[in-house]
Amino acid sequence: MLVVRATKKLLGRVGAPAVPVGEEGTTLLGPWYATALFWRPQVALLVNEQTLLPVLMPLAPAVTWPERIAAEVATVLAAHQVPSALVEEERQRMSACLFGATANRSVIGVMNEFTRLAETLRDGDRGLDLLGLALRLARTPCGPLYGTHISPDRALAAAFDSP
């Protein structure tokens, strides 16, 4: 089961089931954080709590958004050359999805920085799609990772022991 810790503005849009107290989920990467970006069209930004890996995906239609998360995360993991068996295992573990309120202020700060950087990158290169934008964001040095892997792409590689 996937646990997504979403901002209030996103929780209001998706109206998804709440995470029971103490629920940790069963995914290999752990919980994800999410917020809505009110671009045209609207986009959801997900950030993994453990690796700070960003995923950008269309928000609309918001009703089906929770069901589409696993496929989008799998696409980003594959683009980062995570072994296909691990990508499929993570996708299977994400088959059910529960939402809760945010709990880690450090991850929220990273999401805010990714939002600003994504807007700048998008404005500078209108041809950049959401996957390309997520891959560029993943190379960004992040303060919480300075003591270990520096950037989300390196943290992901360490988490899955991929190249």
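Quantities reported herein were computed from a predicted structural model and do not represent experimental measurements.
Met111 and Thr7 make their closest contact through CE-CG2, 4.0 Å (heavy atoms, listed as atom of the first residue, atom of the second, distance). Across Ala155 and His149, no two heavy atoms sit closer than the pair N-CB, 3.6 Å. Taking all atoms of both residues into account, the shortest heavy-atom contact from Leu11 to Gly100 is CD1-O, 4.0 Å. Nearest heavy atom pair, residue Ala60 against residue Arg68, reads O-NH2, 3.4 Å. Leu53 approaches Trp32 most closely through the heavy-atom pair O-CZ3, 3.4 Å. The minimum heavy-atom distance linking Pro58 with Trp65 is given by the pair O-CD1, 3.6 Å.
A donor-acceptor contact shorter than 3.5 Å is absent between the side chain of Thr64 and the backbone of Glu67. At distances below 3.5 Å, at least one donor-acceptor pair connects side-chain atoms of Ser95 with backbone N or O atoms of Gln92. For the pair Glu90 (side chain) and Leu28 (backbone), a donor-acceptor distance under 3.5 Å is present. Glu49 places no side-chain N or O within 3.5 Å of a backbone atom of Tyr33 that could act as its donor or acceptor partner.
Between Arg116 and Glu113 there is a salt bridge, since at least one side-chain N of the basic residue sits less than 4.0 Å from a carboxylate O of the acidic one.
Under the 4.5 Å side-chain contact rule for hydrophobic residues, Leu98 and Val107 do not share a cluster. Each of Leu135 and Leu117 belongs to its own hydrophobic cluster when Ile, Leu, Val, Met, Phe, Trp and Tyr are linked at side-chain heavy-atom distances under 4.5 angstrom. Hydrophobic clustering of Ile, Leu, Val, Met, Phe, Trp and Tyr side chains at less than 4.5 Å, counting indirect connections, unites Phe114 with Trp39.
A heavy-atom distance below 4.5 Å is not found between the side chains of Met57 and Val43. Using a 4.5 Å heavy-atom threshold, the side chains of Leu10 and Val4 count as separate.
A donor and an acceptor atom, one from each side chain of Asn48 and Thr51, are located under 3.5 Å apart.
Distance CZ/Arg5 to OG1/Thr102: 9.0 Å, rounded to 0.5 Å.
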side-chain contact (heavy atoms from CB on, under 4.5 Å) between Val47 and Leu45, worked out: CA-CA 7 Å; Val47 175; Leu45 167 65; 4.1 Å; yes
